[in-house]
Amino acid sequence: MVAVRYETTFKLYPYEKVAAQDLPPARHPVVIAGGGPVGLALALDLGQKGTPVLVLDDHDGAGQGSRAICFAKRTLDVANRLGASGPMVEKGVVWNVGKVFHGDGKLFDFNLSPEDGHRNPAFINLQQPYFERYLVDAIRVAQADGVPIELRGRNQVSGLTVHDTYSTLDVDTPDGIYQIEADYLIACDGARSPLRDMMGLSFDGRVFEDNFLIADVKMKADFPTERWFWFEPPFEGAGQSALLHKQPDDIWRIDFQLGWDIDREKELDPERIRTRVDAMLSSQSGSIPDYELEWTSIYTFQCRRMKTFRHGPVLFAGDSAHQVSPFGARGANSGVQDADNLGWKLDLVLKGIAPETLLDSYATEREHGADENILNSSRATDFMTPKTEVSRTFRDAVLTLASKHPFARPLVNSGRLSVPCSYDGFALFGEDALNGPPISRPSAPCVDASYQDGFLLDHLGGQFTILAFGGPAPASVSAEGVGTKIVHVTEPNEQMRARYLGDAPQAIYLIRPDQHVVARWPNYDADAIKTAIKTAIGKGA
């Protein structure tokens, strides 16, 4: 029988025996293993496109503890396209300001607030169980409308046989084991991925010699809604660094750097944790408010990824494919970008519109994204926890300079915060005949802007789109079975001119279903758009 390894915060998909458990193995177009943020986002995207998808999770809902808490604007943009972002932003704690301290002095602060014309903020803090719950709520709404998504809780993949064009799964449940088949199996089963182990695949990278204590503290406090990070904190027991973040429901996330050679059981003793928390609170407010320890854990920095994310009919996404240190909020956010990249490609392949080799581009593009995240995460970790005298001397010199000289502040690295990935130089993108603003170049994700009574991104994504700024209304174009919808902005506002036009009086953009720019031109050219569509779906010359 499938084991229960942890308690859940929300029971989102309770176990129910299905008829398939007593029948010969049924074939499913897509099976997703893992009901976390990545698996649920991918299921919702595929289902809304009409592709049937089955999600298997070894538990019946979201696990306890806040875990991932920082969700970036790009993730919220994706969630908005899927119909799930409203309650996330409403529940989440919006923040734009961060402060960096060294000892008991402030080095500087920064503001991540984007310019006007964006639906979503730069970041919200929201406990991961809520993020999962709101995705499931959106799935339930979609299911009521006939969208082909099925969630099976307490269904654990316990065995796997990978064939050339499909996989056979053994699924363990409270009523025993049954088998199913999957044309494509998507492993979203976390950093300790059982599926990766079953296939004997490596997960290579670097483990940093340091441990961090997470304490979720429930309390009423007057601290502002900001990200506070300390190098060499002034409060006892904090180690080399500490972090403070506010979450919903009066929960505060506090991270303490513990060092490498620790007694984990001793450090997780509640009284020892309270001593550290008391020291921090007393140092910052002069008193210690009443509080409760909601959840505690110890983690070790790790930056790793699989060599490739695709293995025939099995594809890996999220933490099962790549892992980064938590500073910089690049874990869950990059995983949602995986789902955003894979969904439309898998849909077109299953519908026979795109060649099966299009899935290779998911691997190459998102491996690039993982490398970008790992590079930034590794640099942050090396700066925060220098391991040699030379690196420590450099770090301390930068911190000293940053307190007085603005030029040194960009060198201070307390975690470069998550930004969306572009795919410069990759094969599925076309020409830049416009030579417009770099922010909206081919391969980049579309930038939001005010439009009509809402925002531009509300009208993009989900399918290929011809986006026209000014000029005559373009006609829809079809190529290789792919149609396009039209968004014609007759009078671009200043935001659009700055972000999409530059000095050009008008422009035509081709946008992928995941809101990345394929190509752009100064004028409408149906043949050029057809060529760009073929390129984007892997049928280019």
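For reference, positions follow the sequence shown, starting with 1. Worth knowing before you read on, the calculation uses all heavy atoms, side chains too, and leaves out hydrogens, waters and symmetry mates. What you see is a predicted model; the values in this text were computed from it and never measured.
- By the ring-ring contact (aromatic ring centres under 6.0 Å, His included) test, Tyr362 pairs with no residue at all, sequence neighbours left out.
- With sequence neighbours excluded, no residue forms a salt bridge (Lys or Arg N to Asp or Glu O under 4.0 Å) with Lys530.
- Remark: aromatic rings of Phe131 and Phe71 are close, center separation under 6.0 Å.
- With Lys539 contributing its side chain and Ile353 its backbone, the two residues share a donor-acceptor pair below 3.5 Å.
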Leu46 vs Trp344, test: side-chain contact (heavy atoms from CB on, under 4.5 Å). Steps then yes/no. CA-CA 7 Å; Leu46 284 167; Trp344 68 273; over 6 Å; no
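- Side-chain polar atoms of Ser361 and Thr364 form no donor-acceptor pair below 3.5 angstrom.
- Between the side chains of Gln515 and Arg74, at least one donor N or O lies within less than 3.5 Å of an accepting N or O.
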Let me see the working for Phe469 and Tyr500 under ring-ring contact (aromatic ring centres under 6.0 Å, His included), right down to the final yes or no. CA-CA 8 Å; Phe469 294 98; Tyr500 286 93; 4.9 Å; yes
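- Glu365 meets the salt bridge (Lys or Arg N to Asp or Glu O under 4.0 Å) test with Lys345, Arg512; sequence neighbours excluded.
- Distance CZ/Arg366 to CG/Leu315: 13.5 Å, rounded to 0.5 Å.
- Note that Arg305 lies outside the cation-pi zone of Phe203, set by a 6.0 Å cut-off to the ring centre and a 45° limit from the axis.
- Taking 4.5 Å as the limit, some side-chain heavy atom of Phe316 sits within range of a side-chain heavy atom of Arg196.
- Legend: residues meeting side-chain hydrogen bond (donor to acceptor under 3.5 Å, both in side chains) with Asp424, ordered by chain and number and at least two apart, are Arg441, Ser443.
- With sequence neighbours excluded, no residue forms a side-chain hydrogen bond (donor to acceptor under 3.5 Å, both in side chains) with Gln463.
- Taking a cutoff of 4.0 Å between a charged side-chain nitrogen and a carboxylate oxygen, Asp458 and Arg119 qualify as a salt bridge.
- For the 3.5 Å distance criterion, the side chains of Asp58 and Asn155 fail to qualify, holding no donor opposite an acceptor.
- For residues 26-46, the salt bridge (Lys or Arg N to Asp or Glu O under 4.0 Å) pairs, not counting sequence neighbours, are Arg27-Glu181, Arg27-Asp183, Asp45-Lys49, Asp45-Arg81.
- Annotation: salt bridge (Lys or Arg N to Asp or Glu O under 4.0 Å) contacts of Glu115 (sequence neighbours excluded): Arg499.
- Looking only at distances, a side-chain donor or acceptor of Asn333 sits under 3.5 Å from a matching main-chain atom of Ala72.
- Here Tyr166 pairs with His163 under the ring-ring contact (aromatic ring centres under 6.0 Å, His included) rule; sequence neighbours left out.
- In this structure, Tyr451 and His459 have perpendicular ring planes: the angle between them is above 60°, well past the 30° mark.
- Between the CD1 atom of Ile508 and the CD1 atom of Ile529 there is a distance of 6.0 Å, given to the nearest 0.5 Å.
- Remark: the backbone N or O of Val477 is paired with a side-chain donor or acceptor of Thr484 at under 3.5 angstrom.
- Residues satisfying the salt bridge (Lys or Arg N to Asp or Glu O under 4.0 Å) test with Glu367, not counting sequence neighbours, are none.
- Residues forming a side-chain hydrogen bond (donor to acceptor under 3.5 Å, both in side chains) with Ser440 (at least two apart in sequence, or on another chain): Tyr509, Arg520.
- With values rounded to the nearest 0.5 angstrom, Leu342 atom CG is found 5.0 Å from Ile186 atom CD1.
- No hydrogens or angles considered: a donor-acceptor pair under 3.5 Å links the side chains of Thr51 and Asp347.
- Sequence neighbours left out, the pairs with a member in residues 510-534 that pass ring pair (Phe, Tyr, Trp, His ring centres under 6.0 Å) are Tyr423-His516.
- No side-chain donor from either of Asp172 and Ser158 sits under 3.5 Å from a side-chain acceptor of the other.
- Checked against the 6.0 Å centroid threshold, Phe426 and His368 count as a close aromatic pair.
- The ring-ring contact (aromatic ring centres under 6.0 Å, His included) search around Tyr13 returns none, not counting sequence neighbours.
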